[in-house]
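These notes are about the structure you will find just below.
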Number of protein chains: 2
Amino acid sequence: MNVTLPSETIFHVIESTIKEYRKFAQKNISKKIQDITIDQGMVLLFLNDHPGLTQKEIAELVFKDNASMTRMINTMVGKKHLKRSINNEDRRRYKIEITTKGKEVLKNLPPIIQQNRNSSLKGITKNELEQLEVILGKIRTNCTKN
Amino acid sequence: MNVTLPSETIFHVIESTIKEYRKFAQKNISKKIQDITIDQGMVLLFLNDHPGLTQKEIAELVFKDNASMTRMINTMVGKKHLKRSINNEDRRRYKIEITTKGKEVLKNLPPIIQQNRNSSLKGITKNELEQLEVILGKIRTNCTKN
DNA sequence: TAAATATAATTGATATATCAATTACATAGC
DNA sequence: GCTATGTAATTGATATATCAATTATATTTA
């Protein structure tokens, strides 16, 4: 049996788009901020907006599993962007807090991210964005419901 | 400065869609074939259709870098799906060949992949697929041209 | 309340991602 | 024919991805 090569499918297009965006965004971040990855930046943004998030919750927001999140937070603690401490309300969890150094990153990150989004979405209409969201939503639903 | 949280952006939608598709596809592959990842399967499909591809070329087709491809092929050679041998026309390259065991995988893989694509794209029109491709193409171009 | 079950996080093992440096070979230009 | 430059692949270091097993704590239920 023959199947169309992966390179001819829409999945290839989706994959290459998100990978190019990530490369582009990472490059622009690295120009201005040392030692921060996109995903680490997203962790900071989420924690900033929702203090008290557990590792598990952060993991879901950035599409990682718990094991990856444990290690990712280890490295962010090692780099002094985050502080991890005992949570006495529920000793299974930790309190994850943004340090001064982490807050410094948060001062510089937003304009870069905004710029990344704007330039990568240049020339794309609101309507197109809505279509994109709807169609991708259908695919995702098909994958999770079956 | 405030930015919209990543979870509210189209990039989050794109990312989650491709990740769900990958999970879904991997799960269906694993039900029938032991010890093959989606990416390893894609390498087999590409090599089957284009014998003589170099590691570098395969890497581009599946969006990996050379270092990852070296290691990926190492493991596929270790699992006896591929055979690597000297290429006397250009001794910087290798000849990468599919073994009998690799061909066995290639017998079983295509119907699963076809089924994965069909079910995940169920209810999506040809027109929507075209739109998807066009819009994502614009984003990708914005990211590579800037 | 003791035992069963559930949850959050960690750990080990293995694979992959990424960058920079290196090796080995090929080719162009002098 | 030599040197400079280019190219394919590897390697080392570190981070992340993934699965399964484990630890520590909470919650439910008999």
Side-chain angles (χ1 to χ4, degrees), chain A residues 15-16 18-27 29-31 34-43 47 52-79 81-96, chain B residues 15-16 18-27 29-31 34-43 47 52-79 81-96:
Chain A
E15 184 109 26
S16 79
I18 197 66
K19 288 217 171 178
E20 288 300 343
Y21 173 71
R22 280 182 158 270
K23 256 193 247 172
F24 170 70
Q26 182 66 63
K27 201 178 60 189
I29 290 172
S30 299
K31 276 181 204 160
Q34 294 310 307
D35 218 25
I36 274 285
T37 67
I38 302 184
D39 289 319
Q40 290 167 1
M42 290 202 289
V43 169
L47 270 172
L53 283 176
T54 65
Q55 296 188 187
K56 189 177 155 63
E57 288 163 340
I58 302 169
E60 271 161 31
L61 286 166
V62 295
F63 306 121
K64 319 257 172 225
D65 77 341
N66 291 356
S68 297
M69 192 44 63
T70 291
R71 284 152 180 150
M72 203 170 151
I73 289 181
N74 285 348
T75 76
M76 292 181 77
V77 168
K79 295 193 297 188
H81 290 131
L82 294 181
K83 177 168 171 276
R84 182 157 36 189
S85 56
I86 299 291
N87 180 342
N88 276 314
E89 270 99 74
D90 184 341
R91 296 172 54 82
R92 288 170 305 184
R93 304 175 184 193
Y94 287 113
K95 274 192 286 194
I96 312 287
Chain B
E15 184 110 25
S16 79
I18 197 67
K19 289 216 172 180
E20 288 300 343
Y21 174 70
R22 280 182 159 272
K23 255 192 248 172
F24 169 69
Q26 182 66 64
K27 202 178 59 189
I29 289 172
S30 298
K31 275 181 204 161
Q34 292 312 305
D35 218 24
I36 274 285
T37 67
I38 300 183
D39 289 318
Q40 290 167 2
M42 291 201 290
V43 169
L47 270 172
L53 283 176
T54 65
Q55 295 188 187
K56 189 177 154 65
E57 288 163 340
I58 302 170
E60 270 161 32
L61 286 166
V62 296
F63 307 120
K64 319 259 172 224
D65 77 341
N66 291 354
S68 297
M69 191 44 62
T70 290
R71 282 153 181 149
M72 205 171 149
I73 289 182
N74 286 347
T75 76
M76 292 181 76
V77 169
K79 293 192 299 188
H81 290 131
L82 294 182
K83 176 168 172 278
R84 184 158 33 191
S85 55
I86 300 291
N87 180 342
N88 277 313
E89 270 98 75
D90 183 341
R91 295 173 54 82
R92 287 170 306 184
R93 305 176 183 192
Y94 288 114
K95 273 192 287 193
I96 311 288

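Below, all heavy atoms of this structure are taken into account, side chains as well, without hydrogens, waters or symmetry copies. Throughout, a chain's letter reflects where its sequence line sits, starting with A, and its residues are numbered from 1.
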Rounded to the nearest 0.5 Å, how far does CD of A:E15 lie from CD of B:E15? 9.5 Å
Heavy-atom nearest nucleotide on DNA chain C for B:M72 versus A:Q26: which residue maps closer to 5'? B:M72
Test A:I38 against A:R22 for side chain to side chain contact (heavy atoms under 4.5 Å, CB included), laying out the working first. CA-CA 8 Å; A:I38 302 184; A:R22 280 182 158 270; 4.1 Å; yes
Identify the residue among A:M69, A:Q40, A:M72 that makes a side chain to side chain contact (heavy atoms under 4.5 Å, CB included) with A:V62. A:M69
Evaluate the side-chain proximity of B:D90 to B:T54: yes if any heavy-atom separation is below 4.5 Å, no if none is. no
Students should find that the end-to-end axis angle of the helix from C:dT1-D:dA30 to C:dC30-D:dG1, with five pairs defining each axis and rounding to 10 degrees, is 10°
Rounded distance [0.5 Å steps], NZ in A:K23 versus CZ in B:F63: 9.0 Å
How long is the gap from NZ on A:K64 to CG on A:N66, to the nearest 0.5 Å? 13.0 Å
Residues in contact with DNA chain D, drawn from residues 56-67 of chain A - heavy-atom cutoff 4.0 Å: A:K64, A:D65, A:A67
With rounding to the nearest 0.5 Å, note down the distance linking NZ in A:K19 to CD1 in B:I18. 9.5 Å
So, taking the atom named CG in B:D35 and the one named NZ in B:K79, what distance separates them when rounded to the nearest 0.5 Å? 4.0 Å
Outermost DNA chain C nucleotides near chain B [under 4.0 Å, heavy atoms]: C:dT16 to C:dA26
DNA chain C-proximal residues of residues 81-93 of chain A, any heavy atom under 4.0 Å: A:R84, A:R92, A:R93
Whichever of A:R71 and B:T54 has the more 5' nearest nucleotide on DNA chain D, that residue is B:T54
Which is true for B:T70 with a 4.0 Å heavy-atom rule: it touches a base, it touches only sugar-phosphate, or it touches nothing? base
Could you list the residues that satisfy side chain to side chain donor-acceptor pair (under 3.5 Å) with A:T75, not counting sequence neighbours? none
Worked check of side chain to side chain contact (heavy atoms under 4.5 Å, CB included) between B:L47 and B:L82: CA-CA 10 Å; B:L47 270 172; B:L82 294 182; 3.8 Å; yes
Partner residues of B:D65 under the side chain to side chain donor-acceptor pair (under 3.5 Å) criterion, sequence neighbours left out: B:S68
What distance separates B:R84 CZ from B:T70 OG1, expressed to the nearest 0.5 Å? 6.5 Å
Can you tell if the side chain of A:V43 reaches within under 4.5 Å of the side chain of A:H81, non-hydrogen atoms only? no
